[in-house]
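Comments concern the structure below.
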Amino acid sequence: MVYRSWLRAEGFTAEVFDGRPVIGIANSWSELTPCNAHLRGVADAVKRGVWQAGGFPLEFPTMSLGESLMRPTAMLFRNLMAMEVEELLRANPLDAVVLLSGCDKTTPAMLMAAASVDLPTIMVTGGPMLNGRFRGTQVGSGTHVWRFEQEHAAGRMTQEDLLAAETGMARSCGHCMTMGTASTMACIAEALGMQLPESATWPAADSRRLRTAQQAGQRIVDLARSELRPSRVMTRQAFENAIIINAAIGGSTNAVIHLLAIAGRLGVPLALDDFDRLARRVPTLVNLMPSGKYLMEDFCYAGGVPAVMRELSGFLHTSHIGVTGRTLADIIATAECWNREVIRPVADPLQPSGSGTAVLRGNLCPDGAVIKQSAASPHLLRHRGQALVFDSIEDYHQAAPDPHLDVQESTILVVRGAGPRGYPGMPEVGNFVLPTKLLERGVTDMVRISDARMSGTGFGTVVLHVAPEAAVGGPLALAQSGDWINLDVPTRTLTLEVGDDELARRRAAWSPPASPFTRGYARLYVEHVQQASQGADLDFLTGASGAAVPRDNH
Ligand code: FES
């Protein structure tokens with residue numbers, strides 16, 4: 001009676017207590033997360049499907065992470081959201097759950113939580129915004145912000161132009177419509193088998209977004225009675241498929257960190273080098289910004305993820321079974337590509353095999369670093385230059401406008417102190433705008449190295465996720481302005497050309513920076529966050545605890 005009575009206060013009839021599955025709808029809706037602001041409507045469509053299939057839907061709010069608004073960076077809170085959703089799923093009497101996500105960090109946070117609880121789960125991402133338009137051209141969220149800000153800094157665009165561009169870039173609800181992190185993670189959720197086919201790409205404003213949500217509601221009722229849980233769906237094979245799809249879509253470097261973190265929850269062995277090994281054979285097929293020309297609406301109408309998977313069927317584990325209960329082979333058998341300019345064939349790819357995210361090693365990054373080759377300048381992928389080192393992104397921002405800054409086009413810009421622990425939260429600042437003096441000379445790209453991340457919508461020859469980061473004493477902390485650095489992406493090496501004796505001398509003089517975070521979640525994060533090469537999860541959150549509550553007095 002105690003359980004029924006309080007739910008009755010919501011006006012439900014007695015039938016909801018007849019033993020039907022209780023389906024949670026975990027909703028990351030928030031007006032502070034513009035990309036997820038439409039998810040109440042999506043939740044209603046999921047509920048329709050749940051009722052239709054004989055389940056009992058109960059929607060509940062979760063923490064939400066708005067990439068564009070949160071300080072110091074939404075990534076600081078990905079693990080907090082994952083922890084919150086995990087505990088909500090376990091503490092409430094749910095038989096299965098539909099996860100509603102959208103903006104960059106909300107999708108991986110929810111997948112991490114689902115992995116640790118292992119209730120039957122389907123994800124429904126909120127879909128991308130409609131394509132951006134500005135003065136007769138297509139403009140992409142994020143990608144064109146960086147471009148236009150660079151144009152503005154170089155004096156080629158006025159403030160009025162910027163204001164006009166910003167509304168054209170955000171024409172509807174939904175997440176960034178470039179192949180940024182949100183689109184990447186939506187495609188990856190589909191490639192992992194955690195959301196329904198085609199679910200990643202329907203635009204947020206398209207009625208088919210709601211149809212797919214209703215179908216997810218119907219399907220989750222069946223799943224609640226099955227053993228097809230996240231641990232059965234997100235297998236090693238599923239992760240390999242996701243890595244291959246990430247390479248083919250020109251996906252975000254952030255996917256590397258998020259997939260490592262999700263795999264860590266499931267105990268699936270996955271290492272940074274798997275990304276390089278698997279992606280090397282895969283050409284970039286999807287012609288989307290920032291690597292290419294088009295946007296998510298175009299990708300959707302061209303056939304979306306199933307069409308890419310069909311093109312890549314020779315690379316994928318097609319016997320994999322996702323939340324549909326069908327094999328991947330069965331799903332993609334009828335997939336078609338409707339626009340070969342947007343989804344290119346393997347025989348005529350956008351970029352050749354091996355041009356995806358590369359993993360670098362060397363004495364500057366003993367535990368690895370990544371570079372998104374498809375978003376870099378080909379002539380800089382082999383480059384030797386002298387370092388100009390900044391201890392923080394703030395130091396760089398202060399120096400960058402200086403007309404007398406001692407910097408050349410061949411200089412390698414190094415920004416440290418922006419890793420998981422150092423910032424904290426590993427902000428997306430790796431593709432920082434070039435020094436003003438060089439922008440004014442028309443320079444558009446330089447080699448940049450940092451322990452930060454880069455927005456999935458960003459571009460440039462930027463080496464990211466250097467591990468170990470400077471704040472924990474990685475070799476990046478020992479680099480000095482004037483040192484020679486050799487970047488050689490074809491051989492996957494990044495070398496600080498300083499002798500071991502000199503590095504040992506510098507190390508002896510180095511001391512770790514004091515953290516200003518003495519309490520609260522930020523302190524917990526700083527004390528427990530793992531390095532980027534491990535997924536930047538909190539050490540005590542790796543692994544799973546299942547859905548059972550340790551002490552259940554009910
Ligand atoms: Fe939310 Fe880009 S800011 S997806």
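Atoms within each ligand, like the ligands themselves, are counted from 1 in listed order.
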- Is it true that the NZ or CZ of Arg147 lies under 6.0 Å from the centre of Phe459's six-membered ring and within 45 degrees of the ring axis? yes
- Task: Examine all N, O or S atoms of Cys35, backbone included, and report whether one is under 2.8 Å from atom 1 (Fe) of ligand 1.
- Result: yes
- Message: Angle between ring planes, Phe432 versus Tyr396, binned at 30° and 60°: parallel, tilted or perpendicular?
- Response: tilted
- Note on the structure: for atom 4 (S) of ligand 1, nearest protein heavy atom and its distance come out as Asp104 OD1, 3.2 Å
- Item | Distance in Å, His144 NE2 paired with Gln138 CD, rounded so as to fall on 0.5 Å steps | 9.5 Å
- Atom indices of ligand 1 within 4.0 angstrom of Cys103 heavy atoms, with elements: 1 (Fe), 3 (S), 4 (S)
- Query: Atoms of ligand 1 less than 4.0 Å from Glu67 heavy atoms?
  - Reply: 3 (S)
- Message: Using a 4.0 Å cutoff against the non-hydrogen atoms of Ala182, which atoms of ligand 1 qualify?
- Response: 4 (S)
- Task: Could you tell me if the ring centre of Tyr525 sits under 6.0 Å from that of Phe517?
- Result: no
- Task: May I ask you to check if any N/O/S atom from His175 comes under 2.8 Å of atom 2 (Fe) of ligand 1?
- Result: no
- Under 4.0 Å to a heavy atom of Cys176 - the qualifying atoms of ligand 1, by number: 2 (Fe), 3 (S), 4 (S)
- Item | Shortest non-hydrogen separation from Asp445 to Gly460 and the atoms involved | OD1-CA, 3.6 Å
- Heavy atoms of Leu260 and Ser533 approach each other most closely as CD1-O, 3.4 Å
